Amino acid sequence: MSDKNQDLHAMRHSLAHIMATAVTKLWPEAKLGVGPVVENGFYYDIDVPKVTISESDFKIIEKEMYKVINAKQPFERSLMSVDKAIAWAKSSHQPYKEELLNDLKRAGTTVAKDLDADTLGIATDEKSKIDEVSFYQNGDFTDLCRGPHVASTDKVGAFKLMRIAGAYWRGKDTNPQMQRLYGVAFATKEELAAHLTMLEEAKKRDHRKLGVELDLFLFSDLVGSGLPLFTPRGTVLREELTNYSNQLRESRGFAKVWVPHMTKTDLYKASGHWAKFGDELFLVKSQETSDELVLKPMNCPHHTRIFASKQRSYRDMPIRYLETTTVYRDEKSGELGGLNRVRSITQDDSHVFCRPDQIETEIDGLLASAHELYSAVGMKLRVRLSYRDESDAYLGDKKLWEQAQKQLKAAVISNKLDYFEEEGEAAFYGPKIDFMATDAIGREHQLATVQLDFVQPERFELEYIDQGGKPAQPVMIHCALLGSIERFLSVYIEHTAGSFPVWVAPEQVRISSVNQEDSTLEFVKKLEDEAIKHGLRVHVDNDNDSVGKKIRNAEKARVPYMLVVGVKEIETGEVTPRIRNDLQVQEPSSMQYQNFFKSVANEAKSRVSKSSL
RNA sequence: GCCGAAGUAGCUCAGUGGUAGAGCGGCUGUUUUGUAAACAGCGGGUCGCAGGUUCAAAUCCUGUCUUCGGCUCCA
């Protein structure tokens with residue numbers, strides 16, 4: 001950590017301390033939990049019995065904090081033995097601190113993983129030997145805290161309280177819930193202002209906001225939470241992306257299949273999903289039969305039925321199925337949000353049934369497809385090899401797991417992918433390769449995945465006849481390139497800020513007339529027909545608006561190309577396209593309109609990210 | 001699920017117990033527009049939904065649905 005960062009860290013730490021000072025002053029019965037530094041700021045978990053602090057209290061809390069700051073109280077650090085500290089916590093009625101200290105004492109020389117080193121006043125490098133914990137005092141307020149703190153309360157830079165939220169004590173939902181007060185803090189007012197501006201900018205990209213502005217999707221109270229509806233424009237996005245994903249896989253020998261969206265529970269009891277995902281399933285009740293049905297939460301068990309419908313020879317392998325289809329999962333209501341987490345999830349799903357010796361080739365092809373797709377959408381890919389850990393949450397033979405994990409790694413290495421390995425991230429039925437895509441503002445998202453599966457072939461007793469004429473068990477490879485279309489779109493909309501490349505853009509060309517003269521309207525119609533002839537998504541704006549207004553509207557809709565059409569164009573037959581800023585590489589020149597549409601159609605076909613005009 | 005906040009016109013929002021508002025969008029008319037907002041007029045809301053309190057409820061109370069923030073982030 002640089003000196004500057006250390007200073008900033010001490011400031012934020014001190015602010016958490018000062019916030020605790022203020023809250024304790026306002027509500028003397030407040031019980032303090034933990035108050036660490038986080039990215040861009042700090043928080044403190046506080047439990048005030050019978051009082052609910054709300055954001056409207058921020059003013060008085062901030063006012064109280066400024067009182068402390070303006071008093072320029074020095075922070076005085078002191079050390080105390082753990083036993084003395086426990087006595088302190090008891091006498092000052094701080095049960096949460098007392099609990100932490102007791103756990104610390106019980107843990108002896110090793111600190112339990114979930115203990116908060118910051119709050120306990122333990123330096124990381126001292127973890128193995130803890131006899132004393134540190135306290136900081138300012139004025140008449142003392143708090144257990146590791147620090148570091150700044151020298152006095154006035155040296156804390158600029159801050160702002162941001163929000164308040166419930167947080168379980170030590171992250172366990174069986175524990176009491178405390179109130180977490182968040183603040184952001186920076187060394188200078190200017191940096192704080194810049195941060196707040198940045199947050200505003202990020203808000204502008206929010207796919208939920210753009211979804212409304214660009215008329216892409218919506219939610220209806222009557223339909224239900226987590227169940228998005230897509231408008232014509234939004235559906236273009238879905239179709240363009242899934243067509244591409246399907247095309248990439250069909251060119252590698254995948255055949256489309258189709259399965260119904262509900263099934264008997266027996267299928268998931270056989271697959272092993274019932275035990276794991278039972279409470280996430282939507283139950284469907286038949287009024288005609290006694291069938292217990294559910295909406296499908298995944299497609300693989302269905303696809304195994306198709307595979308198992310015939311006897312397969314080693315010569316038939318691999319068998320590759322692809323289906324872009326919607327699955328339904330009853331997520332916890334509080335976890336739903338925009339398109340990122342929904343209850344109707346459309347996957348560009350595919351399953352390969354292959355011989356063990358074909359694994360590497362199959363994975364190679366899928367990795368190459370993922371690479372191509374993510375290049376086209378302009379996102380950098382990093383790969384996570386997700387392995388099992390030592391827990392018993394996984395099904396299947398451990399030796400098979402180890403073998404599978406090695407094969408995944410080999411394929412990733414031979415594809416020269418940037419990768420890292422992580423234990424405990426695997427699916428319960430096998431290890432996987434997760435693709436982490438980086439968006440335009442540097443956030444990383446997990447989207448595509450390739451997963452190996454030795455468990456379902458066993459559970460469903462899948463087999464093929466090997467070269468020696470004996471039955472053998474195939475390996476299953478699950479793969480989704482986009483992952484879930486909904487989540488992909490939430491990321492992609494924010495990645496592009498709604499400015500989609502020509503091939504994805506719901507509206508590719510807008511033709512705006514300068515006036516409503518018959519001659520103009522006729523020529524506009526001629527242009528529209530030409531665009532349609534080239535398969536372009538074109539809109540005509542013949543409204544009685546000023547040219548300036550029409551341009552503004554087209555810009556707001558993020559239309560890649562706009563043509564303004566009047567007498568000049570009619571006379572010459574030439575158009576000068578207005579190119580959306582992010583696509584433009586050079587000043588556009590005028591050209592015959594036939595050539596213009598031809599070029600745009602080519603750009604869409606080859607999925608380029610910049611304009612060639 | 002839990003804690004907190006919120007839901008008023010298509011969108012963004014004002015309105016704290018006494019006749020529901022603004023801007024933008026929409027529609028109509030005037031204008032016939034040349035590269036980021038012409039002018040005028042007119043529509044448009046059971047104030048999320050259901051109960052309750054009150055002479056009177058967008059406003060107060062209860063329930064419910066929906067949305068947002070958080071519950072993982074810590075040297």
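Residue numbers begin at 1 in each chain, while the letters A, B, ... track the order of the sequences. Keep in mind the model is a prediction, meaning the values are calculated, not measured.
- B:G10 sits 33 Å from B:C3 when the P atoms are compared, rounded to a whole Å.
- With rounding to whole Å, A:R341 atom CZ is found 13 Å from B:C71 atom P.
- Per the geometry, CZ belonging to A:R580 stands 17 Å off P belonging to B:A36, to the nearest Å.
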| query | When you look at A:S611 and A:Y561, which way does the side chain to side chain donor-acceptor pair (under 3.5 Å) test go after all the steps? | reply | CA-CA 9 Å; A:S611 173; A:Y561 291 106; 2.6 Å; yes
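- In this structure, A:F42 reaches neither bases nor backbone, as no heavy-atom distance under 4.0 Å exists between it and the strands shown.
- Neither OP1 nor OP2 of B:C24 sits under 4.0 Å from any side-chain N or O of A:R552.
- OP1 and OP2 of B:G4 both lie 4.0 Å or more from every side-chain N or O belonging to A:R163.
- Salt bridge present: A:K97 and A:D143 bring a charged side-chain N and a carboxylate O closer than 4.0 Å.
- Distances shown here put every side-chain N or O of A:Y43 at or beyond 4.0 Å from the OP1 or OP2 atom of B:C71.
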| request: Please assess A:I61 against A:L181 for the test side chain to side chain contact (heavy atoms under 4.5 Å, CB included), listing each intermediate value before the final yes or no. | output: CA-CA 10 Å; A:I61 297 173; A:L181 278 68; 3.9 Å; yes
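- Among the heavy atoms of the strands lying under 4.0 Å from A:V567 is at least one base atom, whether or not backbone atoms are also near.
- A:R384 and A:S386 form a side-chain donor-acceptor contact under 3.5 Å, judged by distance and modelled atom types alone.
- Neither OP1 nor OP2 of B:A37 sits under 4.0 Å from any side-chain N or O of A:S546.
- Across all strands, A:P588 comes closer than 4.0 Å to no nucleic acid atom at all (heavy-atom distances).
- You won't find any donor-acceptor pair under 3.5 Å spanning the side chain of A:E517 and the base of B:U32, going by distance alone.
- Atoms CZ (A:F58) and P (B:G4) sit 14 Å apart, rounded to a whole Å.
- Nucleotides B:C47 and B:G70 place their C1' atoms 29 Å apart, quoted to the nearest Å.
- Among the atoms of the strands shown, only primed sugar atoms or phosphate atoms (P, OP1, OP2) are found under 4.0 Å from some heavy atom of A:G548.
- A distance of about 25 Å separates the P atoms of B:C11 and B:A37, rounded to the whole Å.
- If you take atom P in B:C49 and the same atom in B:G25, they sit 28 Å apart, rounded to whole Å.
- Atom CE in A:M178 sits roughly 19 Å away from atom P in B:C74 (whole-Å rounding).
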